[in-house]
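Sequence positions, counted from 1, serve as the residue numbers for this chain.
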Amino acid sequence: MKKSKLKQGHINSYNMKKFYLLISILSVSFCFSQNSLFDRQIPSDSKVITNHSTSILGKKVNYSAQIGTQPIWDAKGEVIATLHYTYYKRTDINDNTNRPLVFSFNGGPGSASIWMHMGYTGPYSLVIDDEGYPVQPYGYKSNPYSILDVADIVFVNPINIGYSRILKPMTKEEATDKFFGVNQDIEYLAEWISTFVTRSARWKSPKYLVGESYGGVRVMGLAHELQQNQWLYLNGVVLVSPADYELRYESGGIILPTVDFPYFTATAWYHKKLNDELLNKSLEEVIEISDEFAYNELLPSLAKGGIIDNDKKNEIAKKIEFLTGIKYDEIIKNNLNISTSFFWKELLRDEGFTIGRLDSRYKGIDSSDSGNYPEYAPELSAWDHAFTPAMNSYIKEKLNFETDIKYNTWARGELSVRPWDSDNIRIRRNFREAIAENPFLNVLIQSGYYDGATTFSAAKYTMQQVDPSGKLKDRFTFKGYESGHMMYLRREDLQKSNQDLRDFIINTITNNKSAKY
């Protein structure tokens with residue numbers, strides 16, 4: 001018996017060792033999963049510089065393109081990640097002391113800088129038709145409207161997009177604590193920007209941030225973080241189709257349908273779903289009518305909820321039908337509250353189409369005309385298959401950057417940045433504080449009228465709430481365009497939006513003025 005017990009104990013001990021070894025291997029594998037077991041790695045600190053020449057607004061511009069990676073360090077000075085960037089600098093000027101430097105971000109979160117890089121302000125743009133629809137063969141061409149004539153530009157890819165990667169093994173929870181959240185994102189990017197400015201000897205330059213979509217949240221937060229903890233003050237923040245994480249939580253769900261309502265009217269006007277009385281008016285005129293109705297009549301009615309008088313409910317429903325093209329019966333069924341997803345499905349249902357979320361000019365075809373939301377986003381499908389081939393070709397052919405690392409247009413799969421931590425956010429309040437503390441800081445908002453994801457009317461509302469006192473309203477400028485989320489894909493708006501941005505930069509260079517009220 002003693003011998004049998006000893007043998008059994010030995011077997012149990014052996015099995016336990018095997019069990020712990022297996023757990024250890026699985027734990028290590030989980031930590032490594034962020035970077036595909038590190039079979040391919042991007043250098044933490046690298047750059048390739050090429051020289052180029054282009055024509056902008058009919059004038060020759062010489063510039064250098066620096067593409068590379070710059071490390072992110074932890075508190076101990078250890079490299080834990082690297083960010084991929086592309087830096088365009090004009091080279092045919094003698095003194096860049098007062099030449100603006102622009103940092104450009106896209107959104108997502110988890111979206112690469114590809115969109116504004118190859119679509120908006122960079123020296124090259126997509127080969128697409130004049131309304132922004134993709135054509136084959138895919139490719140890129142010179143951008144004659146780029147702002148590179150008046151400002152140098154840095155396109156930045158946050159963690160896990162473009163070629164940016166985490167380099168130190170860590171779990172998803174550890175990565176979230178350091179990178180994947182509203183506040184975490186702002187903190188590490190502010191440190192990265194400060195380092196870049198130092199390395200590039202650009203502390204004297206007027207500095208600007210441009211952020212599209214979630215990038216709007218990002219750059220509003222960065223304006224405050226850069227001032228408070230990097231002592232870097234900006235001349236301008238540009239919000240391109242900006243998101244607002246605080247909007248979705250406000251006032252029991254009645255504010256969002258109110259501020260989005262003018263978008264419904266604009267889109268119905270574009271698709272000719274309104275009556276002749278409204279179709280004979282300009283877009284600006286119908287938006288003004290819709291805006292007045294949304295705040296003065298729709299909002300109080302939604303606030304009353306189930307106690308609204310039936311006659312009043314019917315009256316408001318008929319006005320919603322008049323201003324949106326959505327049928328009266330559907331409006332009543334939805335208690336006067338039309339969601340954007342239902343609108344995208346319903347507006348062209350009788351024609352057998354859905355409309356796009358990010359650009360409602362685009363049409364889609366679902367497997368069934370029934371339902372309350374579209375099966376896919378037609379505009380995003382179109383953009384993905386045009387942008388990604390162009391960017392990968394451009395990086396290799398023009399910028400001479402070689403790597404086996406995949407260019408991530410989106411952070412998905414094992415490199416996903418989600419779930420995204422949105423706890424304890426104070427973006428609006430902090431942004432207002434940054435503007436108030438810095439008399440040089442001005443804001444430009446650019447929105448497409450047919451963007452159903454981050455609507456132009458919601459962008460206006462956000463700015464109204466950033467400055468509830470109205471004392472800083474002269475520091476805000478709004479520009480609207482007859483296109484969608486990426487207004488610059490429509491050629492007419494590519495020219496207009498770049499010129500609006502160019503004018504904003506020129507007008508906010510202070511030229512020896514004092515920072516005082």
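- The backbone N or O of T171 sits less than 3.5 Å from a side-chain atom of E174, completing a donor-acceptor pair.
- Across R491, K141, M118, a single residue satisfies side chain to side chain contact (heavy atoms under 4.5 Å, CB included) together with S125, and that is K141.
- In this structure, the side chains of I56 and L148 come closer than 4.5 Å at one or more pairs of heavy atoms.
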- Task: Run the numbers on R429 and E433 for salt bridge (Lys or Arg N to Asp or Glu O under 4.0 Å), then give the verdict.
- Result: CA-CA 6 Å; R429 180 175 176 180; E433 185 176 296; 5.5 Å; no
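- No more than 12 heavy atoms of other residues, nucleotides or ligands sit less than 6.0 Å from atom NZ of K479.
- For F456 and Y263, the distance between ring centers is not under 6.0 angstrom.
- Contact of the W192 side chain with the Y85 side chain is registered, since non-hydrogen atoms from C-beta on lie closer than 4.5 Å.
- No side-chain donor-acceptor contact under 3.5 Å links T121 to the backbone of H117.
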- Item | Candidate pair Y394 and Y124, rule ring-ring contact (aromatic ring centres under 6.0 Å, His included), full reasoning | CA-CA 9 Å; Y394 172 70; Y124 282 86; 5.3 Å; yes
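- N183 and E187 are not linked by any side-chain donor-acceptor pair at a separation below 3.5 angstrom, with hydrogens and angles left out of the test.
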- Task: Could you go through the salt bridge (Lys or Arg N to Asp or Glu O under 4.0 Å) check for E379 and R357 one step at a time?
- Result: CA-CA 7 Å; E379 76 291 350; R357 170 178 172 263; 5.6 Å; no
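- Counting only distance, with no hydrogens or angles, the side chain of K172 and the backbone of S416 share a donor-acceptor pair below 3.5 Å.
- Applying the ring pair (Phe, Tyr, Trp, His ring centres under 6.0 Å) test between Y488 and each of Y481, Y145, Y120 identifies Y120 as the sole match.
- Between atom CG of residue N143 and atom OG of residue S55 there is a gap of 11.0 Å, rounded to the nearest 0.5 Å.
- Seen from the ring of F478, K460 counts as a face-on cation partner, given the 6.0 Å and 45° thresholds.
- Contact annotation: the side chain of R428 approaches that of L247 to within less than 4.5 Å [non-hydrogen atoms, C-beta and beyond].
- Of the candidates V102, V238, V150, L501 forms a side chain to side chain contact (heavy atoms under 4.5 Å, CB included) with just one, namely V238.
- Residues D467 and S469 have side chains that bring a donor and an acceptor to within less than 3.5 angstrom of each other.
- Under the rule for a salt bridge (Lys or Arg N to Asp or Glu O under 4.0 Å), the partners of R218 that lie at least two apart in sequence or sit in another chain are D185.
- A donor-acceptor pair under 3.5 Å links the side-chain atoms of T82 to the main chain of Q70, judged by distance alone.
- Annotation: side chain of S290 is in contact with side chain of F261 (closest heavy-atom distance under 4.5 Å).
- Although no hydrogens or angles enter the test, the distance criterion places no donor-acceptor pair under 3.5 Å between the side chain of N235 and the main chain of L441.
- When all heavy atoms are compared, the tightest approach of S241 to G448 is OG-N, 4.3 Å.
- Remark: T508 engages Y208, N442, F504 in a side-chain contact (heavy atoms from CB on, under 4.5 Å) (not counting sequence neighbours).
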- Task: Step by step, work out the side chain to side chain donor-acceptor pair (under 3.5 Å) result for H84 and N157.
- Result: CA-CA 6 Å; H84 159 227; N157 291 291; 3.0 Å; yes
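- Between F103 and F196, the two ring planes are perpendicular [angle over 60°; tilted spans 30° to 60°].
- Between the side chains of Q230 and E225, no donor-acceptor pair is found at a separation under 3.5 Å.
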- Task: Assess whether side chain to side chain donor-acceptor pair (under 3.5 Å) is satisfied between D451 and T454, documenting all intermediate values.
- Result: CA-CA 6 Å; D451 176 6; T454 55; 2.7 Å; yes
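- A side-chain donor-acceptor contact under 3.5 Å links T198 and W203.
- Remark: W383 pairs with Y362 by the ring pair (Phe, Tyr, Trp, His ring centres under 6.0 Å) rule, at least two apart or across chains.
- At a threshold of 4.5 Å between non-hydrogen side-chain atoms, the residues I67 and K47 do not count as touching.
- In terms of heavy atoms, E212 sits closest to M486 at OE2-CG, 3.4 Å.
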- Message: Please evaluate residues R361 and D359 with respect to the criterion salt bridge (Lys or Arg N to Asp or Glu O under 4.0 Å), reporting the C-alpha separation (whole Å), side-chain torsions for both, the decisive distance (0.1 Å), and the verdict.
- Response: CA-CA 5 Å; R361 297 176 302 152; D359 192 330; 2.8 Å; yes
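- A donor-acceptor contact closer than 3.5 angstrom is absent between the side chains of E482 and Y270.
- Side-chain contact check for E437 versus Q228: some heavy-atom pair is nearer than 4.5 Å.
- Remark: D291 CG to E284 CD distance equals 13.0 Å, nearest 0.5 Å.
- No side-chain heavy atom of V217 sits under 4.5 Å from any side-chain heavy atom of P242.
- Taking all atoms of both residues into account, the shortest heavy-atom contact from L232 to S194 is CD1-CA, 4.5 Å.
- Between F105 and F155, the ring center distance fails the sub-6.0 Å criterion.
- Within the 3.5 Å criterion, the main-chain N or O of K513 finds no donor-acceptor partner in the side chain of T510.
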- Item | Worked verdict on D149 versus R502 for salt bridge (Lys or Arg N to Asp or Glu O under 4.0 Å) | CA-CA 9 Å; D149 58 332; R502 179 180 287 104; 3.1 Å; yes
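- Using modelled atom types and a 3.5 Å distance limit, the side chains of Y133 and R490 yield no donor-acceptor pair.
- Just one of I42, I159, T69 meets the side chain to side chain contact (heavy atoms under 4.5 Å, CB included) condition when paired with L83; it is I159.
- At most 12 heavy atoms of other shown residues, nucleotides or ligands fall within 6.0 angstrom of atom CG in N512.
- Looking at T340 and W344, their side chains never bring a donor and an acceptor atom within 3.5 Å of each other.
- A distance of 11.5 Å separates OH in Y140 from CG in L126, rounded to the nearest 0.5 Å.
- For the residue pair S113/N106, the side-chain donor-acceptor check at 3.5 Å is not satisfied.
- For D45, the CG atom sits in a packed shell: over 12 heavy atoms of surrounding residues, nucleotides or ligands are nearer than 6.0 Å.
- Checked against the 6.0 Å centroid threshold, Y214 and W420 count as a close aromatic pair.
- At a cut-off of 3.5 Å, with distance as the only test, no side-chain donor of N400 or T50 sits close to an acceptor on the other residue.
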- Should D421 and Q184 be marked as a side chain to side chain donor-acceptor pair (under 3.5 Å) after you check the CA-CA gap, both sets of side-chain angles, and the distance that decides it? CA-CA 8 Å; D421 181 8; Q184 298 92 312; 3.1 Å; yes
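- Side-chain contact between R202 and K89 is present, with heavy atoms from C-beta onward closer than 4.5 Å.
- The environment of Q499 atom CD is dense: over 12 non-hydrogen atoms of other residues, nucleotides or ligands sit within 6.0 angstrom.
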- Task: Test Y88 against H52 for ring-ring contact (aromatic ring centres under 6.0 Å, His included), laying out the working first.
- Result: CA-CA 10 Å; Y88 296 104; H52 308 264; 7.7 Å; no
